[in-house]
J.: 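A single structure is presented below for examination.
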Amino acid sequence: QAFTLPPNTIAATLGYWYNIFSVDGFNVPNAALEVDIADAAGNPIATVDTKYNTDRDPVAGTFHQVTFDLTPYATNTQLRVQFWVTSGTSGGTQFNIDDVSVAAWDSSARGSNDNFTNAAPLSGNSANVVTTNTFATKESGEPNHANNPGGKSLWWRWSAPEPGIVTITTDGSSFDTLLAAYTGTAVNSLTRVAAN
């Protein structure tokens, strides 16, 4: 099956489910399924997985999920996923494939405030932001927030409307976050105010 990735792909994943039904001798690997990623001409460039009749499922109808990172191959915008079966001597193996999918994200998934110069503005005495940093990056010269190298930062800018104490929290996040506040106008010369 041929598919095309966006020219500015930053992440892509192949997914599928498989089941193996076999009446071949359990200890004799004489039938195989190989899943490859190939270029537009069908030349294999990566092996996703190889299964044999000896990997058969003890319970009929049991399916297993496979996911494969296509991101390293995104420079080839046209790719193929190829399912190859080598039949055994007795022909008693069945490889079942279901729900084949490719998910791809382009650079717009990073968020417009991925870089310091594009920090998103916040205003007033209270603000609430819901976002994701899944495809965010760490830019050259960026400090290690809370002395941790991190690697997926997003930026906001805010000017206090009056003197006082400000509270910034990432409560409710689905992972252990890094949070830091700085003053300054360039990412490589910021002064840290607080970090956690």
J.: If you group Ile, Leu, Val, Met, Phe, Trp and Tyr by side-chain heavy-atom gaps below 4.5 Å, do Phe3 and Trp17 land in one group?
T.: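 No, it is not one cluster - the side chains of Phe3 and Trp17 are not joined through contacts under 4.5 Å.
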J.: Are Leu178 and Trp156 linked, directly or through other ILVMFWY residues, by side chains that come within less than 4.5 angstrom of each other?
T.: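 Cluster IDs for Leu178 and Trp156 differ.
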J.: Is Trp84 atom CH2 crowded by more than 12 heavy atoms from other residues, nucleotides or ligands, each under 6.0 Å away?
T.: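 Open: at most 12 neighbouring heavy atoms sit under 6.0 Å from CH2 of Trp84.
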J.: As an exercise, state the distance from OG1 of Thr71 to CD1 of Ile10, rounded to the nearest 0.5 Å.
T.: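 It comes to 8.5 Å.
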J.: Please tell me whether Val85 and Val100 are part of a single hydrophobic cluster in this structure, the criterion being side-chain heavy atoms less than 4.5 Å apart.
T.: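 Val85 clusters together with Val100.
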J.: Any chance you could measure Lys152, atom NZ, to Lys138, atom NZ, to the nearest 0.5 Å?
T.: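 Going from the NZ atom of Lys152 to the NZ atom of Lys138 covers 12.5 Å.
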J.: Among all residues two or more places apart in sequence or in another chain, which pass the side-chain hydrogen bond (donor to acceptor under 3.5 Å, both in side chains) test with Asn133?
T.: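 With neighbours one apart ignored, the set is empty.
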J.: Taking ILVMFWY side chains as joined if any heavy atoms are under 4.5 angstrom apart, and letting links pass through other members, which residues group with Phe175?
T.: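 For Phe175, no cluster forms, as it stays isolated from other hydrophobic side chains.
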J.: Where do Pro6 and Ala104 come nearest, in terms of heavy atoms and distance?
T.: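 Shortest heavy-atom separation between Pro6 and Ala104 comes out as CD-CB, 4.0 Å.
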J.: Calculate, to the nearest 0.5 Å, the distance between atoms OG1 and CD belonging to Thr4 and Gln78 respectively.
T.: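 Interatomic distance, Thr4 OG1 to Gln78 CD, rounded to 0.5 Å: 4.5 Å.
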J.: Applying side chain to side chain contact (heavy atoms under 4.5 Å, CB included), run through Asp36 and Val48 and close with a yes or a no.
T.: CA-CA 5 Å; Asp36 294 324; Val48 175; over 6 Å; no
J.: Give a yes or no on this: more than 12 heavy atoms of other residues, nucleotides or ligands lie within 6.0 Å of atom OH of Tyr18.
T.: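 Result for OH/Tyr18: enclosed.
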J.: Give a yes-or-no answer on whether the side chains of Gln94 and Ser22 include a donor-acceptor pair shorter than 3.5 Å.
T.: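 There is no such pair (donor and acceptor under 3.5 Å, judged by atom type) between the side chains of Gln94 and Ser22.
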J.: For side chain to side chain contact (heavy atoms under 4.5 Å, CB included), just list the numbers for Leu33 and Ile97, CA-CA rounded to whole Å, side-chain angles, deciding distance to a tenth of an Å, and then say yes or no.
T.: CA-CA 10 Å; Leu33 165 70; Ile97 305 294; 3.8 Å; yes
J.: Side chain to side chain contact (heavy atoms under 4.5 Å, CB included), that's the test. Do Val35 and Val81 meet it? Break it down for me.
T.: CA-CA 7 Å; Val35 183; Val81 58; 4.0 Å; yes
J.: Could you measure the distance from the CG atom of Leu14 to the CZ atom of Phe68? Nearest 0.5 Å is fine.
T.: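 Output value for this atom pair is 8.0 Å.
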J.: Hey, could you give me the CD1/CG distance between Ile37 and Asn43, rounded to the nearest 0.5 Å?
T.: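 Going from the CD1 atom of Ile37 to the CG atom of Asn43 covers 13.5 Å.
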J.: Roughly how far apart are Ser87 OG and Asn30 CG, rounded to 0.5 Å?
T.: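 Taking OG in Ser87 and CG in Asn30, the distance rounds to 9.0 Å.
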J.: Group every Ile, Leu, Val, Met, Phe, Trp and Tyr by side-chain heavy-atom contacts under 4.5 Å, then state whether Phe21 and Tyr52 land in the same group.
T.: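 No, it is not one cluster - the side chains of Phe21 and Tyr52 are not joined through contacts under 4.5 Å.
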J.: Counting N and O atoms only, with roles assigned by atom type, does the side chain of Asn53 sit under 3.5 Å from a partner on the main chain of Ala31, one being a donor and the other an acceptor?
T.: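 It does hold such a pair.
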J.: Centroid separation under 6.0 Å, is that true for the rings of Phe83 and Tyr16?
T.: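 Close enough - the centres of the two rings lie under 6.0 Å apart.
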J.: In residues 181-196, what donor-acceptor pairs under 3.5 Å come from side-chain atoms, sequence neighbours left out?
T.:
residue, atom, partner, partner atom, Å
Tyr182, OH, His145, ND1, 2.6

J.: Checking the side chain of Trp158 only, and the main-chain atoms of Gly124 only, is there a donor and an acceptor separated by less than 3.5 Å?
T.: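 Yes, the answer is positive, given that a donor and an acceptor are paired below the 3.5 Å cut-off.
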J.: Got a sec, which pairs hit side chain to side chain donor-acceptor pair (under 3.5 Å) with one end in residues 109-123, sequence neighbours left out?
T.: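 Of all non-adjacent pairs touching residues 109-123, those that pass side chain to side chain donor-acceptor pair (under 3.5 Å) are Asp114-Thr137.
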J.: What's the verdict on side chain to side chain contact (heavy atoms under 4.5 Å, CB included) for Leu154 and Thr131, showing C-alpha distance, side-chain angles and the deciding distance?
T.: CA-CA 9 Å; Leu154 296 173; Thr131 189; 3.8 Å; yes
J.: Please check: side-chain N/O of Arg80 versus main-chain N/O of Gln1, any donor-acceptor pairing under 3.5 Å?
T.: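 Answer holds: no.
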J.: Could you tell me which non-hydrogen atom of Ala74 sits nearest to which non-hydrogen atom of Leu5, and how far apart they are?
T.: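 Heavy atoms of Ala74 and Leu5 come nearest at CA-CD1, 3.9 Å.
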J.: Sorted by first residue and then second, give each ring-ring contact (aromatic ring centres under 6.0 Å, His included) pair with at least one member in residues 104-133; sequence neighbours left out.
T.: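 Applying ring-ring contact (aromatic ring centres under 6.0 Å, His included) to every pair that reaches into residues 104-133, excluding sequence neighbours, yields Trp105-Phe135, Phe116-Trp155.
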J.: For residues 57-67, which side-chain donor-acceptor pairs fall under 3.5 Å, sequence neighbours excluded?
T.:
residue, atom, partner, partner atom, Å
Asp57, OD1, His64, NE2, 2.3
Asp57, OD2, Asn19, ND2, 3.2
Asp57, OD2, Ile20, N, 2.9
Thr62, OG1, Val59, O, 2.9

J.: Does a donor on one side chain sit under 3.5 Å from an acceptor on the other, for Asn148 and Asn144?
T.: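 Note: Asn148 and Asn144 side chains miss the donor-acceptor criterion.
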J.: Is the backbone N or O of Asp49 less than 3.5 Å from a side-chain atom of Thr47, with the two atoms forming a donor-acceptor pair by type?
T.: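 No, because the side chain of Thr47 does not come within donor-acceptor range (under 3.5 Å) of the backbone of Asp49.
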